[in-house]
Amino acid sequence: MAYVTTNTGLAATGVPRRPGFREKLQDALPKIVLAPSFVLILLFVYGFILWTIYLSFSDATSAISNTFAGTRAYEKLWRWTFDPVQNWHTAIVNIGIFAVLYIAVCMALGLFLAILLDQKIRGEGVLRPIYLYPMALSFIVTGVAWKWFLDPGLGLEQTLHHWGWTSFHFDWIKNKDRSIYTVVIAGVWQASGFVMAMFLAGLRGIDSEMLKAAQIDGANAFQQYRRIIIPQLRPIFLSAFIVLAHMAIKSYDLVVALTGGGPGTSSWLPSNFMYEYTFQRAQMAVGSASAVIMLMGISAIIVPYLYSELREKK
Amino acid sequence: MSNAASSSSQGAYTTLNRIVIYGLLAIFAVVYLMPLFVMLVTSFKTMDEIQGGNMLALPTNPTVAPWLKAWGGACTDGVCNGGIAGYFWNSIKMVVPAVLISTLLGALNGYVLTKWRFPGHKLVFGMMLFACFIPFQSVLLPMSTLLRYVNFGGQWLEANLGWNFGLPSPTVHLVFVHVVYGLGFTTLFFRNYYEAFPNELVRAAMVDGASFFQIFRRILLPNSLPIFVVTVIYQFTNIWNDFLFASAFSGGGDNSPMTLALNNVVNTTTGVIEYNVNMAAAMIAAIPTLFVYIVAGRYFVRGLMAGAVKG
Amino acid sequence: MAFLEINNLKKRYGAVEILKGINLDLEKGGFLVLVGPSGCGKSTLLNTIAGLEDISEGEIRVENNPINGLHPSKRDIAMVFQSYALYPNMTVGGNIAFGMEMRGVPKAERDKAIDQVSKTLQIGHLLNRKPSQLSGGQRQRVAMGRALVRDPKLFLFDEPLSNLDAKLRVDMRVEIKRLHATTGKTIVYVTHDQIEAMTLATKIAVLKDGELQQVGTPAEIYNKPNNLFVADFMGSPAMNLIQAKAAQENGRTVLKILAKSGGGITLPMPASISTEPLAEGREVIFGIRPEAITDQDGADRNSRAIEMVNAVVDVVEPAGADTFVVTHLGGKEVTARMRSDAVVQPGQELPFAFNLDKAVVFDPGTGKRL
Amino acid sequence: MAFLEINNLKKRYGAVEILKGINLDLEKGGFLVLVGPSGCGKSTLLNTIAGLEDISEGEIRVENNPINGLHPSKRDIAMVFQSYALYPNMTVGGNIAFGMEMRGVPKAERDKAIDQVSKTLQIGHLLNRKPSQLSGGQRQRVAMGRALVRDPKLFLFDEPLSNLDAKLRVDMRVEIKRLHATTGKTIVYVTHDQIEAMTLATKIAVLKDGELQQVGTPAEIYNKPNNLFVADFMGSPAMNLIQAKAAQENGRTVLKILAKSGGGITLPMPASISTEPLAEGREVIFGIRPEAITDQDGADRNSRAIEMVNAVVDVVEPAGADTFVVTHLGGKEVTARMRSDAVVQPGQELPFAFNLDKAVVFDPGTGKRL
Amino acid sequence: QTKEVQILHWWTSGGEAAALKVIKDAMVAQGYSWKEVPVAGGGGDAAMTALKAMVAAGNNPTASQMLGYTVLDFAKQGVMGDLTETAKAEGWDKVVPAPLQKFAVYDGKWVAVPVNLHSVNWLWINKAVLDKIGGTEPKTFDDLIVLLGKAKAAGVVPLALGGQNWQEATMFDSVVLSTGGPDFYKKAFNDLDDDALKSDTMKKSFDNLAKLITYVDPNFAGRDWNLATAMVIKGDALVQVMGDWAKGEFKAAGKTPGTDYLCVRFPGTDGSVVYNTDMFAMFAVPADRQAAEVALAKTVLSKEVQAGFNINKGSVPSRTDVPDTNFDECGKKGIADLQKASAGGTLFGSLAQGYGAPPAIADAYKDVVTKFVHGQIKTSDEAVQELVKAIDDAK
Ligand SMILES: Nc1ncnc2c1ncn2[C@@H]1O[C@H](COP(=O)(O)OP(=O)(O)OP(=O)(O)O)[C@@H](O)[C@H]1O
Ligand SMILES: Nc1ncnc2c1ncn2[C@@H]1O[C@H](COP(=O)(O)OP(=O)(O)OP(=O)(O)O)[C@@H](O)[C@H]1O
Ligand SMILES: [Mg+2]
Ligand SMILES: [Mg+2]
């Protein structure tokens with residue numbers, strides 16, 4: 001679709017007019033402009049991925065090592081995958097719980113809020129930033145606020161006790177089986193507004209004539225949403241999924257700030273694992289291998305999506 | 001006149017509906033605001049009140065001391081590095097160029113990838129997009145190793161030319177890192193936006209004799225405001241809030257961005273955790289991004305509508 | 001008694017009055033076409049009938065029952081939209097069945113109804129496709145199918161053909177016409193294509209700025225436009241409207257059209273004018289449609305009032321079936337429609353045959369037809 | 001020697017050939033209209049001329065210079081787009097001046113040129129507005145202004161009127177026609193509105209699936225379509241195409257049109273057919289335009305070959321200026337165009353006057369005109 | 001010559017910061033400029049990550065606070081400076097206890113200086129609460145349990161614990177020492193002897209740990225150590241098991257040892273010292289900064305600074321020849337204990353603090369302990385198994 005000069009035509013006519021240097025430069029310009037970015041990505045993303053893969057096969061501990069150690073790191077991880085006591089196992093189980101809940105709840109809540117906000121609400125201009133602002137806060141801030149809020153001795157529980165509801169009990173953040181859910185709560189609080197904005201944008205884009213048609217067809221508000229509108233938000237669901245999935249996979253700071261990985265090691269996520277083993281535990285090879293496995297997991301989700309997304313569009 | 005009844009009952013139904021909708025929205029607004037509210041009231045309380053009192057209660061005798069302390073000096077015994085005040089400017093110095101460069105590059109990439117396609121453009125874009133998903137922890141070491149050579153380069157330049165071009169500067173490093181790892185997102189945003197941008201405008205400009213850059217500057221850029229807002233907000237928040245890169249590449253100390261200072265305040269473990277100071281510091285660190293979201297929030301949704309969500 | 005009655009309907013958005021008291025009625029089986037320029041309130045009027053917008057004042061009755069407060073789905077109407085408003089997530093079959101599904105019609109019955117409708121509209125082979133896989137014309141058919149399958153009392157069409165290309169539009173127009181003829185349904189139809197309005201309607205209502213300008217049969221609207229707006233709006237190319245002066249000549253009232261250069265033409269007063277004699281020197285606007293100006297050969301042999309006028313040809317526009325010839329009269333451009341093989345050259349002076357049977361006269365002040 | 005020459009132009013997107021060897025030329029001051037169904041490659045062809053798409057094979061010459069490799073801005077052409085492609089961030093004045101600015105024309109000169117163009121197009125009062133503040137017609141004018149101000153060798157128009165409503169389209173059409181007449185510029189114009197094609201062109205090229213079907217003057221295309229596609233595509237309502245058989249009768253070759261019910265009509269062979277005698281019983285397709293079928297009164301008085309045929313009226317479509325009457329012949333629907341005041345009722349049997357001067361005959365196998 | 005020293009550390013809290021200031025003041029007095037890079041969080045985790053990145057980028061600080069084996073890791077990478085000459089001149093190898101030298105000397109070269117010596121087998125008791133419940137200093141582990149039971153009955157939190165892995169493991173160090181005695185501790189936690197790790201004594205240690213945990217309040221998970229200390233200071237809790245850095249908190253709160261609080265050795269560990277030490281790892285720096293580096297090292301190990309620093313920090317000097325005159329009661333006891341242990345060979349590196357074994361093993365150990373404490377590992381049998389396995393994996 002772009003204009004690209006071809007000199008084949010000229011050659012065919014035999015007219016002696018070669019494109020000058022300037023013209024050649026003009027033709028190459030788009031690629032020249034794109035090249036720096038692409039090279040940066042190539043080096044600093046794909047190059048580093050290769051590096052990580054390389055390290056994962058070495059015997060690197062606290063420092064980079066060039067000694068080949070075969071698949072030892074992977075064997076370890078593989079073994080740990082099935083040992084419920086191991087941090088890696090915990091991390092994998094947790095990312096499952098976390099990702100599913102985080103993505104599902106964010107989407108459900110985001111969609112719900114967007115639908116509510118789309119009902120020609122008067123104070124929309126005020127409400128929207130209220131739902132959106134948590135996205136503006138860093139994980140450290142979110143962690144500080146929620147850590148405090150959820151602490152049974154300081155936060156919500158204490159407050160409700162103050163107000164007379166003494167039987168109220170909420171100590172998930174101190175409970176090894178529940179702590180990962182508090183990470184979900186804080187994460188959802190932070191990201192759902194952003195998802196809401198995406199859905200709101202999607203809702204605003206729906207043809208109003210379609211809704212009129214549905215009304216005439218006798219669909220009530222609920223049916224309109226369920227049968228007509230929500231199915232049409234499919235692309236938004238996908239984008240939201242991608243955004244949330246990448247945030248879920250990268251969630252690291254939130255865990256550190258909120259639970260510090262605990263109680264015990266019960267709220268670790270794979271990124272915590274990777275970070276810990278690479279930087280703290282002098283097991284760089286294992287850390288790298290876990291990074292490679294994470295990348296493979298991400299690829300399994302993202303690459304098909306990218307493929308279909310980019311292939312469909314002409 | 002059966003219709004009068006039916007219409008009025010419909011009216012009642014809608015009124016009830018409205019009440020429910022507004023009610024739900026208000027409840028959620030309260031829930032979303034709660035942590036902010038708690039942070040805000042706490043930051044104005046004295047430590048005594050915090051320990052004795054109710055988290056949600058308004059401060060009985062509000063004090064700005066925690067804010068001053070967070071801003072000016074957050075530790076006791078007079079041995080502090082001062083509050084987070086000094087680091088605010090560090091963050092700005094890092095964020096502004098990083099946001100601008102990554103956004104501009106993203107815009108250029110989006111422009112090339114939609115309006116000047118070449119064989120393989122999809123692959124290039126796909127690769128840039130995939131780059132958004134790598135866990136950043138895994139690039140810390142290779143990146144710092146690389147920066148070592150950048151430093152060497154800077155030293156060499158300084159020795160030979162008398163100027164190091166800012167190469168060994170941690171701020172420059174941070175800007176560079178944020179630009180590299182923000183490129184995927186900015187490119188994605190702009191590509192999706194420009195995908196919907198009429199080709200005919202580009203062609204018209206081409207016929208009008210505008211060059212590659214003239215088309216970009218005169219035709220695309222002036223019409224990219226919505227997506228600029230989205231991208232800038234997104235990048236600004238991410239970079240401002242980043243802790244990982246900041247801790248790894250800032251070299252610590254005087255060059256640290258805000259988040260690092262905030263972390264030092266929040267993780268400072270004197271006998272009593274000064275929640276009020278922590279909250280005040282957290283608020284101060286969050287003010288720029290909050291401000292951006294609140295002021296530009298409306299354009300954010302509009303910008304998303306304008307193409308960013310198509311993903 | 002009329003099937004559809006609209007009494008003094010007003011619609012306001014905030015302070016802005018969009019519909020300013022509409023009075024209309026339509027007999028059962030009638031085909032009412034609403035025409036008017038963009039933004040005049042056509043869609044709004046249609047939406048109020050459908051119940052998609054509530055009305056600010058006035059009343060709408062169907063078969064003598066007021067339906068003001070009724071929910072759209074209870075009104076037993078079907079609507080076809082300009083954008084077709086097909087549900088993109090459902091197949092064609094699903095789209096057509098959706099309304100019945102919402103009404104709890106059992107599956108077997110739905111299938112039968114779909115079957116029948118898809119036969120009528122020849123969309124049987126499309127039933128399993130998604131709307132995005134259809135061409136414009138096919139989409140339009142599906143939208144019609146969705147309306148038809150419901151077998152409602154009243155059909156509403158909001159510019160259903162405006163997204164089609166010229167050729168397809170003609171075909172679909174004929175199809176709608178046939179549908180109306182075979183089903184005998186009552187239809188309200190919005191368009192701003194005059195040809196559509198003229199060919200389809202049993203009754204046309206011309207709307208401007210929320211006010212009805214004229215309601216009547218296509219022939220009435222075309223031949224006896226109430227005012228300058230209707231005259232100018234209906235017909236393509238538009239009616240020639242020429243400034244003239246009434247004068248007395250030989251005891252008869254005549255019209256004098258002055259050329260810029262002085263001189264001018266005198267025409268007898270068209271028969272269409274109501275008897276009232278026009279005062280000498282009164283300014284009027286003389287209106288005549290292009291097809292009433294021809295070359296001598298093409299003039300209507302049945303007309304009793306052909307006047308020949310000589311004029312210089314400006315532009316010749318051969319348009320296949322016809323040739324449009326543009327000339328000047330009274331300082332205004334005048335278009336004549338001739339047969340395609342009329343031999344005319346720009347610059348040539350030609351005798352034009354004016355069929356005054358078809359001419360009308362307006363008051364320049366009020367714009368009303370005299 | 002032709003001003004614009006296109007020799008064996010081919011354009012491929014990947015493996016798909018969009019343009020399959022186009023040969024065209026256009027004399028200086030000519031007005032070439034490209035018509036064809038959607039997706040046939042009209043815009044692609046225009047874009048290759050503009051240099052916005054590179055070509056896969058072949059050559060384009062302007063004034064005998066090949067321009068294949070030239071950048072669009074170096075080709076001295078101006079283009080008007082369907083969506084107008086006005087730069088939304090610039091004022092009207094800015095839009096018009098942009099091209100000159102890019103070429104480094106000094107401000108004073110630019111202002112003068114804008115002034116002149118805006119006078120010609122009567123957009124002087126709009127110069128400080130943004131495109132979003134303009135109506136469709138005004139935007140179209142500005143787009144033209146942007147092209148005109150450049151005073152290029154060649155104008156390219158890509159469906160410039162298709163976004164306008166019917167009424168405005170007619171006005172703008174006349175304006176473009178006048179512009180062409182007064183400036184004498186060479187124009188290539190894409191449309192799929194046949195009326196536009198017929199009225200504007202000095203030369204029409206009909207394209208289908210990337211292949212030229214016919215190139216000729218509007219009259220040639222309309223009256224002597226090369227093949228069934230062109231015959232069907234040009235003209236609205238479309239040409240009536242009826243299956244018939246050649247037969248020998250009284251020593252003359254005649255056409256027999258069989259009714260479904262048996263029986264049928266015999267017509268003399270139209271004069272348009274080339275001399276070659278048709279074999280007895282050879283299947284042909286008989287084509288006749290609606291306006292060549294009239295009532296007796298309306299028949300062309302100059303025609304030498306009027307044949308009367310009785311048929312039953314199916315549908316009557318009064319369309320203001322004309323009335324279309326649909327009947328059946330040889331199992332196919334046949335449309336006739338009558339004057340608006342022809343008194344016709346559905347169901348009535350009527351004598352239709354066929355003007356065989358205007359009839360053509362096609363080979364059903366190849367689709368070619370005989 | 002650049003008269004600047006750059007120090008990376010995570011001493012941002014009150015007592016620590018005050019201690020650091022002693023070094024700073026001493027340096028400033030000699031005309032050096034002092035540049036700090038504080039990176040708080042995770043007990044040095046964040047700082048170590050930052051340090052790794054800095055070193056990888058070639059931005060070596062002059063010195064960095066560092067723990068145990070980490071020094072050796074960095075030394076292995078060849079990024080450390082060489083202070084051997086200074087050490088010789090100053091006679092450090094005579095005054096610094098041999099176990100500490102193990103971490104300061106790599107490949108025969110001095111690469112770090114120990115700033116202080118902490119011991120972790122301490123019990124911190126609120127005197128007022130002790131008196132109120134009528135308890136006495138516990139001499140044996142069983143005494144401790146009885147005492148805790150009394151506190152529980154009296155409605156105070158018996159044991160203040162922060163539920164973070166290093167705190168739990170630090171307490172477990174003491175429990176193991178108490179349960180198995182000095183030799184067992186050394187075999188298990190310094191020599192990583194498989195039999196010792198697998199032994200019943202280890203199982204018993206876990207059982208004892210489990211007993212202690214029953215005296216902890218329910219909200220302990222995630223609590224910072226100083227909050228736990230604050231509970232003891234305020235009298236909300238009776239006792240905390242913590243290294244002597246806790247004393248800094250008592251001091252900052254204006255409490256006096258002996259009257260407000262008691263510092264006693266964890267029951268059954270008297271005579272042994274489980275230590276950790278904060279080192280200043282000295283990095284290889286350009287020639288123009290080496291003088292400053294040497295000055296820093298000398299200053300840190302000077303007797304005056306040692307005294308000043310450790311009084312503030314709550315620890316004891318890392319050289320054995322510093323007079324205990326200005327130290328408080330606990331400090332004096334600490335210095336005496338160190339001299340005894342150093343002489344008697346009962347000075348052990350704390351595994352929890354990264355002085356018993358390399359970090360990978362220490363972390364594996366902490367994992368097992370914290371999982372046991374929080375119920376991710378259910379029984380002591382399982383805990384022993386997991387410990388062996390984890391240490392094996394980490395080797
Ligand atoms: N929700 C609304 N609020 C305010 N004004 C409105 C609203 N909907 C329509 N209008 C205004 O009402 C007027 C009539 O709109 P309507 O859609 O009925 O026009 P229309 O005749 O259908 O035009 P078109 O031919 O362009 O479809 C317009 O001026 C429009 O701007
Ligand atoms: N960049 C492209 N890549 C592949 N195919 C293309 C591309 N651009 C256009 N085509 C195809 O080329 C054909 C001709 O397109 P073109 O736009 O020239 O049609 P057109 O005659 O202008 O149609 P319309 O009347 O709808 O504007 C179409 O089938 C289209 O799908
Ligand atoms: Mg409308
Ligand atoms: Mg096109």
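In the text below, chain A, chain B and the rest are named by the order of the sequence lines, each starting its count at 1. Keep in mind that this is a model prediction, so the values were computed, not measured.
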Check your understanding: Are the ring centres of B/Trp240 and B/Phe88 closer than 6.0 Å?
Key ->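 Yes, the ring centres sit under 6.0 Å apart.
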Point to revise | Ionic contact status for D/Lys153 with D/Glu63, cut-off 4.0 Å | key: yes
Check your understanding: When you check the gap from the basic side-chain N to the acidic O, do D/Lys10 and D/Glu57 get nearer than 4.0 Å?
Key -> yes
[X] versus chain B, the contacting section by heavy-atom distance below 4.5 Å:
X: D/Gln82; value: both
X: D/Leu86; value: backbone
X: D/Met100; value: neither

Check your understanding: Within the distance-only criterion (no hydrogens, no angle test), does the side chain of B/Ser91 pair as donor or acceptor with the backbone N or O of B/Met258 below 3.5 angstrom?
Key ->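 Judged by distance alone, yes, a pair lies under 3.5 Å.
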Check your understanding: When heavy-atom pairs shorter than 4.5 Å are enumerated against chain B, which of D/Pro88, D/Ala78, D/Ala50 gives the highest number?
Key -> D/Pro88
